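To start, the structure itself, in structure tokens.
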2 protein chains.
Amino acid sequence: MRGPTIYDVASAAGVATSTVSRAFSTPSRVGAATREHVLAVAEQLGYRPNPHARALLSDHHSTVAMVVSDITNPHYFELIRGAEMRAKASEHTLVLVNAEESARIELEQIQRLLPSVDGFVLAASRLPDENLAHLAAQRPVVLVSRELPGLPCALLDHVDGCRQIVQHLDSLGHRHLVYLAGPRSSWMASTRWSALRTAADEAGMRADRVGPFTPKVAQGGLAADAALVTGATAFVAHNDLLAIGVVQRLQQRMVRVPADVSVVGFDDIFAADLCTPRLTTLGGAHADVGRAAVEILLKAAVRGTADGPPVRVVLPTELRLRESTGPVA
Amino acid sequence: MRGPTIYDVASAAGVATSTVSRAFSTPSRVGAATREHVLAVAEQLGYRPNPHARALLSDHHSTVAMVVSDITNPHYFELIRGAEMRAKASEHTLVLVNAEESARIELEQIQRLLPSVDGFVLAASRLPDENLAHLAAQRPVVLVSRELPGLPCALLDHVDGCRQIVQHLDSLGHRHLVYLAGPRSSWMASTRWSALRTAADEAGMRADRVGPFTPKVAQGGLAADAALVTGATAFVAHNDLLAIGVVQRLQQRMVRVPADVSVVGFDDIFAADLCTPRLTTLGGAHADVGRAAVEILLKAAVRGTADGPPVRVVLPTELRLRESTGPVA
DNA sequence: ACAACCAGGGCAAGGGGTTGTCAAAAGTTG
DNA sequence: CAACTTTTGACAACCCCTTGCCCTGGTTGT
């Protein structure tokens, strides 16, 4: 399949190829009448400029890549959706990459795409700081659920969110929580932990941590057992998937939720509102995060790489109170 | 960002650019020693062939597009995941497109990508047959959850699946089912309906249909109410999302599930196993469907468009028995 | 009436690779 | 050692589009 080229249009319209090109990209450099004629001919021929040829010399691709740490996690759906829609709105293509929780794969894929995208949205990147900095020197990069001084990012306000969680638990009479941590290389995991600890300190509440765990349902059993031995009355799981697994294990062990133990998750995935008991979780507009990330990226790709401090979009979180948390016995 | 080119490699290695090119693409046309030397130099320079330049004349892009009717639907996660992994395994990039349940958007996006991908996987395409045929003439196309004579496709065996559903309901004593239909332009919706009807006929069971409905939770209320007036004892919803919405509405109307009414869904999404009551649903290896679809596409892209009849991969389905179905009162 | 301008449009050089053609170098055979 | 066949590698055209530069013909100013 080879569509009509600029040459076909040019000869059909009786002008030079440069005129056709300009009719599209630099309208001011071409007479109004000529321009219209060219456009009409192009339309009639079904001409579409070849993106590769264009990319070849402009290094502009109308494509952004989004790398997610694990596409299996339903939490990313919203993020992906928001990113996809924003990209489409600007007539950009969204390339989706799954890093499978592996820094190596993540880096490999990024290298592969380096010459053919305008920039990267890295969601919960597992890459070490140096790699990120090096990458950012070559292409615009926007971080999601991760921060690095000097790089723009979009994320939910987990510091405030963790405070909400702690306040909620505090008001229910809990004096001891345990954080069921996410992966070691997850920036989000350390952020949540330190925010929880700070908030707990302020409330005079004890905060322990167990883990790290891979944040999947299957790991919930392990996490639940580990958390139980701390004696905490409130379990804060790294995400909803883990929380759901934890609840299942607790039920299996005849520990009542929330009568004996309260459980809180993060992300407010679709299933959090459907499981039993319905899960109290820290939600936020993930789609907006995806949207914002792509937006920042597109802006960065247009103007020169650096002007002013990097953008930092922080969206609010809200604790969705449901049935998995309750007053301490 | 402009990486080293083939020229840099050539001069660094002291050979012609054509030699470098052939060292990569046509090893047999180059001396073993020369080849190794070139490769070493390239590696050392961090050279990566520019995909655009290559695509420009070979019309081969190492990219496949996957169009889904609605990215919001969790059912697609698995499909996307399978497709993404298969594409990656062949060092191809997966471009994700959301058609937002609109044939117009679907077509627009496809046009946009036409010159830059090797082919399309169309999941639950809402496009009319003519469009599909026309598209297939330009690029390899693989259908998912849809069939069209002449085009390859990958799908789950819903005919058998519907038979399983009917047999299951029959064995529970149900004599009257109603299908809560999906969108009018959905091939899957008509397929399921006709398969259900056939199976019901064979079992001497009455089968009604209501709808069409947009297969989302929010539409469940409407669907449930419509289904109730048919007097059927078994509701077969177009997908799990709709089924979940239906169950919620039934509970709200004090109709007990499954004591008063049995509900069956399709897809076996993650949440189906978590909601209350847990949903009986027709499952299948969706990831494998995605994998198969990309695999077919890749093969089709290599050899000439047409040789032999189009591949048709049908994967088995299995009814996941859970709590939303029970014996008729 | 003529110089100075300017808008509109054409020419041609890339941008990074691939590939058909061809000549030089190397190896074979008698 | 001449005549001939195989490798190897170099040249250059081409893929499609963008863009700097130049040329033309028409305006404007004095």
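Below, chains carry the letters A, B, ... as their sequence lines are ordered, and counting in each starts from 1. Being a predicted model, the structure only gives us computed values, none of them experimental.
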Legend entry - First of A:Arg29 and A:Ile6 reached from the 5' end of DNA chain D, by closest nucleotide: A:Ile6
Legend entry - B:Glu36 atom CD, over 12 foreign heavy atoms within 6.0 Å: no
Take the protein atom [atom1] of [X] and the nucleotide atom [atom2] of [N], then report the distance between them rounded to whole Å.
X: B:Leu56; N: D:dC15; atom1: CG; atom2: P; value: 9 Å
X: A:Leu57; N: D:dC17; atom1: CG; atom2: P; value: 11 Å
X: B:His61; N: D:dC16; atom1: NE2; atom2: C1'; value: 13 Å
X: A:His52; N: D:dC14; atom1: NE2; atom2: P; value: 22 Å

Inset, instruction - Answer whether the closest heavy-atom distance between the side chains of B:Leu155 and B:Val314 falls below 4.5 Å. - result: yes
Inset, instruction - Check whether any side-chain heavy atom of B:Arg146 sits under 4.5 Å from a side-chain heavy atom of B:Leu151, and report yes or no. - result: no
Inset, instruction - Determine, stepwise, if the pair B:Val67 / B:Leu122 fulfils side-chain contact (heavy atoms from CB on, under 4.5 Å). - result: CA-CA 5 Å; B:Val67 183; B:Leu122 266 29; 3.7 Å; yes
Inset, instruction - On the 0 to 90° scale, with breaks at 30° and 60°, tag the B:His286-B:His75 ring pair as parallel, tilted or perpendicular. - result: perpendicular
Legend entry - Given DNA chain C, 5'-ward residue of the pair A:Arg54 and A:Val30, judged by closest heavy atom: A:Val30
Inset, instruction - Look at all strands and tell whether B:Arg35 reaches a base, only sugar-phosphate, or nothing, counting heavy atoms closer than 4.0 Å. - result: nothing
Pair up each side-chain donor or acceptor in residues 39-49 of chain B with any protein partner under 3.5 Å, not counting sequence neighbours, and list the distances.
none

Inset, instruction - Can you check whether any acceptor in the base of D:dC17 is under 3.5 Å from a donor in the side chain of A:Tyr7, or vice versa? - result: yes
Inset, instruction - Within residues 8-24 of chain A, find the residues that approach DNA chain D with a heavy atom at under 4.0 Å, and present them sorted by residue number. - result: A:Ser18, A:Ser21, A:Arg22
Legend entry - Residue B:Ala53, side-chain heavy atoms: nucleotide from C:dG10, C:dG17, D:dC17 that is nearest: C:dG17
Inset, instruction - Looking only at side-chain atoms of B:Thr34, point me to the closest of C:dG16, C:dG8, D:dT8. - result: D:dT8
